[in-house]
Amino acid sequence: MWGDIAIAFLLAFITAFVITPYTIKLAKKVGAIDMPNDRRVNKKPIPRIGGIAIIVGFIVSVIFLVISMKLENKLLFKDSNQYLEKLIGFFVGIVILSTMAYIDDIKSLKPWQKLLAQIISATVLYIFEVRIDTINEIAIHPVLSYILTVGWIVGITNAVNLIDGLDGLSSGTTLISCIFLLIIFATNGSSMISVILITALAGAITGFLPFNANPAKTFMGDVGSQFLGFSLAVISMFGIAKTVTLVVLIAPVLVLGLPIFDTLFAIIRRIKKGKSLKAVFQPNKGHLHHRLIARGYTQKQAVIILYAITAALGMFAIIFVYDGIFKALAFMFVVVIMLWIGRAELSK
């Protein structure tokens with residue numbers, strides 16, 4: 001098991017690391033350049049389709065592991081063919097979503113066009129039976145199952161996309177989320193395929209991160225951030241497939257708490273300010289990372305703070321799953337107290 005996990009990580013890492021410089025050249029060739037403006041923090045033009053390298057690294061690693069492990073009879077989980085069908089649906093969804101996101105990075109699509117692509121991609125997953133259809137062994141009505149499935153996938157896709165505002169922020173926070181989800185999947189009886197998927201995703205992000213960390217040489221663009229959100233949402237559904245209890249369903253929500261809550265607050269803030277639902281699609285500089293920058297933190301400081309919040313939420317999720325809510329709350333209380341005590345020195 002651990003040998004295959006190591007292969008999944010390293011193969012995705014090497015592939016993404018090697019491919020990223022080629023995406024920079026491609027971005028300059030097709031005009032996918034992030035130009036400075038009043039909403040951007042970058043002071044110079046930056047290529048923005050580096051997420052292609054993450055996708056390539058992930059797919060290469062997963063395909064290699066699935067084929068090799070199938071030949072070695074290591075993928076012996078129940079209903080193996082069904083999981084392979086789900087994996088095909090996952091790849092089809094990636095192709096649809098990533099194609100539209102790539103076009104958006106070059107030509108800037110309208111919000112409803114991007115949303116439509118996300119809904120179609122999520123619907124494809126539902127058709128291939130990647131869905132939330134039972135909780136605590138209680139079957140959910142198909143209509144509610146569809147709404148929950150599409151809502152979860154589209155919601156996480158946009159949540160990760162919206163926090164992609166600082167060098168290394170979206171890639172780093174999703175990498176941390178992957179690590180904690182890997183721990184949960186590896187210890188809760190999840191299928192081996194879910195472990196391989198989350199490991200490959202972590203490896204691909206790690207290979208891209210050196211080019212995306214401050215000062216960034218390239219941005220992942222919508223093609224990268226939407227892929228990361230989409231993949232995290234889908235892989236978390238693979239991970240809970242064998243133990244669909246309310247506690248296990250809550251775990252991914254906690255691990256992905258930073259982008260989820262930041263997005264919810266952004267929606268509420270935009271509706272309140274714009275006085276209509278249309279205001280939800282109007283970008284602004286009210287996200288948490290924007291607020292940290294406005295308070296005088298540098299990009300690196302703001303990113304480290306948000307990394308720490310993501311790690312704390314991930315640890316909270318693990319404690320919650322295995323030791324209960326009271327110990328998890330006690331852990332978070334101690335963390336908050338320690339940060340409050342050291343706030344003066346930390347701010348320096």
Side-chain angles (χ1 to χ4, degrees), residues 2-34 42 44-71 87 90-95 97-99 101-106 160-161 164 166-179 181-182 193 195-232 234-235 303 307:
W2 294 108
D4 292 317
I5 290 175
I7 292 172
F9 182 88
L10 288 173
L11 189 55
F13 168 81
I14 293 170
T15 303
F17 187 81
V18 171
I19 295 296
T20 300
Y22 290 97
T23 67
I24 295 175
K25 294 179 181 179
L26 177 62
K28 294 177 180 178
K29 185 176 181 179
V30 300
I33 306 296
D34 201 300
N42 53 302
K44 61 180 182 179
I46 302 289
R48 65 179 179 195
I49 54 174
I52 293 175
I54 300 176
I55 298 172
V56 174
F58 174 77
I59 291 178
V60 168
S61 178
V62 171
I63 290 177
F64 176 85
L65 263 298
V66 169
I67 293 175
S68 63
M69 293 177 70
K70 192 69 175 176
L71 292 174
L87 196 58
F90 185 19
F91 284 167
V92 172
I94 289 174
V95 171
L97 185 70
S98 299
T99 299
Y102 175 78
I103 295 173
D104 180 48
D105 281 328
I106 298 175
V160 174
N161 183 39
D164 186 26
L166 300 178
D167 295 354
L169 176 57
S170 184
S171 53
T173 52
T174 50
L175 175 58
I176 295 170
S177 298
C178 285
I179 293 172
L181 286 174
L182 172 59
I193 194 67
V195 175
I196 294 300
L197 288 173
I198 200 68
T199 304
L201 187 62
I205 297 170
T206 306
F208 171 75
L209 193 54
F211 300 92
N212 187 229
N214 186 268
K217 298 180 181 65
T218 181
F219 294 153
M220 66 174 66
D222 270 17
V223 68
S225 59
Q226 290 198 42
F227 165 74
L228 289 183
F230 181 78
S231 297
L232 282 172
V234 175
I235 295 171
V303 168
Y307 282 178

For the student: nearest non-hydrogen atoms of [X] and [Y], plus distance:
X	Y	answer
Leu201	Ser231	CD2-CB, 4.0 Å
Cys178	Ile205	SG-CD1, 4.2 Å
Leu97	Phe227	CD2-N, 4.5 Å
Arg48	Thr218	N-OG1, 4.4 Å
Ala200	Ser61	CB-OG, 3.7 Å
Tyr102	Val30	OH-CG1, 3.8 Å

If you round to the nearest 0.5 Å, how far is [atom2] of [Y] from [atom1] of [X]?
X	Y	atom1	atom2	result
Tyr307	Leu169	OH	CG	6.5 Å
Ile24	Ile46	CD1	CD1	9.0 Å
Ile19	Ile52	CD1	CD1	10.0 Å
Leu228	Ile235	CG	CD1	9.5 Å
Lys28	Ile49	NZ	CD1	11.5 Å
Ile176	Leu181	CD1	CG	12.0 Å

Quick check: does any side chain N or O of [X] sit under 3.5 Å from a backbone N or O of [Y], one acting as donor and the other as acceptor?
X	Y	answer
Asp167	Ala216	yes
Thr173	Ser170	yes
Ser68	Phe64	yes

Applying side-chain hydrogen bond (donor to acceptor under 3.5 Å, both in side chains), which residue pairs with at least one partner in residues 197-213 are found, sequence neighbours left out?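 Qualifying pairs: Ser171-Asn212.
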Tell me, please, which residues at least two apart from Phe211 pass ring pair (Phe, Tyr, Trp, His ring centres under 6.0 Å).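 If we apply the ring pair (Phe, Tyr, Trp, His ring centres under 6.0 Å) test to Phe211, skipping adjacent residues, the hits are Phe17.
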Output all residues satisfying side chain to side chain contact (heavy atoms under 4.5 Å, CB included) with [X], sequence neighbours left out; order by chain, then residue number.
X	value
Ser177	Val255, Leu256, Thr310
Leu10	none
Ile63	Ile59, Ile67, Phe91

Taking C-beta and beyond as the side chain, do [X] and [Y] meet within less than 4.5 Å on heavy atoms?
X	Y	result
Val223	Asp104	no
Val66	Ile196	no
Leu197	Leu87	yes
Val56	Thr23	no

With sequence neighbours excluded, what pairs up with [X] under the side-chain hydrogen bond (donor to acceptor under 3.5 Å, both in side chains) test?
X	result
Thr20	none
Asp105	none
Ser225	Asn161

Pairs meeting criterion salt bridge (Lys or Arg N to Asp or Glu O under 4.0 Å) with involvement of [range], two or more places apart:
range	answer
residues 197-209	none
residues 52-64	none
residues 196-209	none
residues 54-66	none

For Asn214 and Val303: C-alpha separation, side-chain torsions, deciding distance, then whether side-chain contact (heavy atoms from CB on, under 4.5 Å) applies. CA-CA 9 Å; Asn214 186 268; Val303 168; over 6 Å; no
